[in-house]
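Here the structure is laid out as structure tokens; the discussion comes afterwards.
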Amino acid sequence: MPQIPVPSSRKHSAQQSRRSGKLRVIITGPELIADSLNEQLICQHNIDVAPPLPDVRQVIDVVLQMRELQRPVDVVVLCWNGNASSQERCLRTISELEQHQQACLVLVDPLFPEELEQIKRAGARGYIFTTVSFLSFVMAIRQSERVRHDLSQRVYQFLGLLAGRTVNSRFLAFQVLLEYSILEYASSLEGEAEG
């Protein structure tokens, strides 16, 4: 596997995030989008953002290198641009991330609903529509690991009743949480508690 040098700023940032208990995030996708999201996430007190990766082909190598350094990435956010030429590469990357048991959220435009099933089959832990508020985006990142590990069959049943359809997987549960703004509501309660 080719080694991608990990910049010293990334190493330092990773060390700080492990000591402070911050959630480590990598964003990959078109440069303008990835840079913009990175800049906004840097301001979040409990999220450590690695430098964005505009080339999705770098993601697997960087994630594995961070693991070797014992500074694992918590969530990879992959920006899905709907471009047919990059679609297959993105699906392969999502699948490889799932094989390495790496949580991956896909930022997707609601104009591509037919692609959600492909994203799900590839192994993404969830998706975030580009039309959600930034607060919902942040909450989706923060809740990713909790949804993946802690949802029980009772919660699936509750979310199924709420949505009026069968919810029998983490992916569907996460989708319902986003659709009904439950994550956004929980965030507002958290903000009131801190205030």
**Study point:** Step-by-step side chain to side chain contact (heavy atoms under 4.5 Å, CB included) determination, Y180 to Q175
**Key:** CA-CA 9 Å; Y180 286 86; Q175 182 181 356; over 6 Å; no
Practice item. I would like to know whether L53 and V62 meet side chain to side chain contact (heavy atoms under 4.5 Å, CB included); could you show each step before the answer? Key: CA-CA 9 Å; L53 298 173; V62 170; 4.0 Å; yes
**Study point:** E39 and I42: CA distance, side-chain angles, deciding distance, side chain to side chain contact (heavy atoms under 4.5 Å, CB included) verdict
**Key:** CA-CA 5 Å; E39 286 300 314; I42 285 172; 4.2 Å; yes
Practice item. Dump the intermediate steps for side chain to side chain contact (heavy atoms under 4.5 Å, CB included) on L91 and W80, then the final yes or no. Key: CA-CA 10 Å; L91 289 172; W80 183 274; 3.7 Å; yes
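Residue L78 forms a side-chain contact (heavy atoms from CB on, under 4.5 Å) with just one option from V59, V108, V56, and that option is V56.
To the nearest 0.5 Å, atoms CD1 (I33) and CG (L107) are separated by 7.0 Å. Taking CD from E88 and OG from S86, the interatomic distance works out to 10.5 Å, rounded to the nearest 0.5 Å.
In this view, Y127 and F129, F171 satisfy the ring pair (Phe, Tyr, Trp, His ring centres under 6.0 Å) rule, not counting sequence neighbours. The side-chain contact (heavy atoms from CB on, under 4.5 Å) test applied to Q99 returns S95, not counting sequence neighbours. Under the side-chain contact (heavy atoms from CB on, under 4.5 Å) criterion, E31 pairs with D35, P54, sequence neighbours left out. A search for salt bridge (Lys or Arg N to Asp or Glu O under 4.0 Å) contacts involving R165 returns E179, not counting sequence neighbours. With sequence neighbours excluded, the residues that form a side-chain hydrogen bond (donor to acceptor under 3.5 Å, both in side chains) with Q118 are Q87. Remark: D109 engages no residue in a side-chain hydrogen bond (donor to acceptor under 3.5 Å, both in side chains) (not counting sequence neighbours).
Scanning both residues, I47 and V25, for their nearest heavy atoms gives CG2-CG2, 3.7 Å. Here the closest heavy-atom approach between residue I27 and residue L41 is recorded as CD1-CD1, 3.5 Å. R67 approaches Q102 most closely through the heavy-atom pair NH2-OE1, 3.5 Å. For L23 against I141, the heavy-atom pair with the smallest separation is CD2-O, 3.4 Å. Taking all atoms of both residues into account, the shortest heavy-atom contact from A140 to L105 is O-CD1, 3.5 Å. Of all heavy-atom pairs spanning G29 and C79, the tightest one is CA-CB, 4.0 Å.
With contacts defined as side-chain heavy-atom distances shorter than 4.5 Å, the pair F137/T130 does not qualify. Here the side chains of V63 and M66 are not in contact, with every heavy-atom distance at 4.5 Å or above. The side-chain heavy atoms of Q44 and V49, taken from C-beta on, include no pair separated by under 4.5 Å. Side-chain atoms of C104 and V75, non-hydrogen and from C-beta on, never get closer than 4.5 Å to each other. Side chains of V132 and L178 form no contact here, defined as non-hydrogen atoms less than 4.5 Å apart.
Open room surrounds CG on L32; 12 or fewer heavy atoms of other groups in view lie less than 6.0 Å from it.
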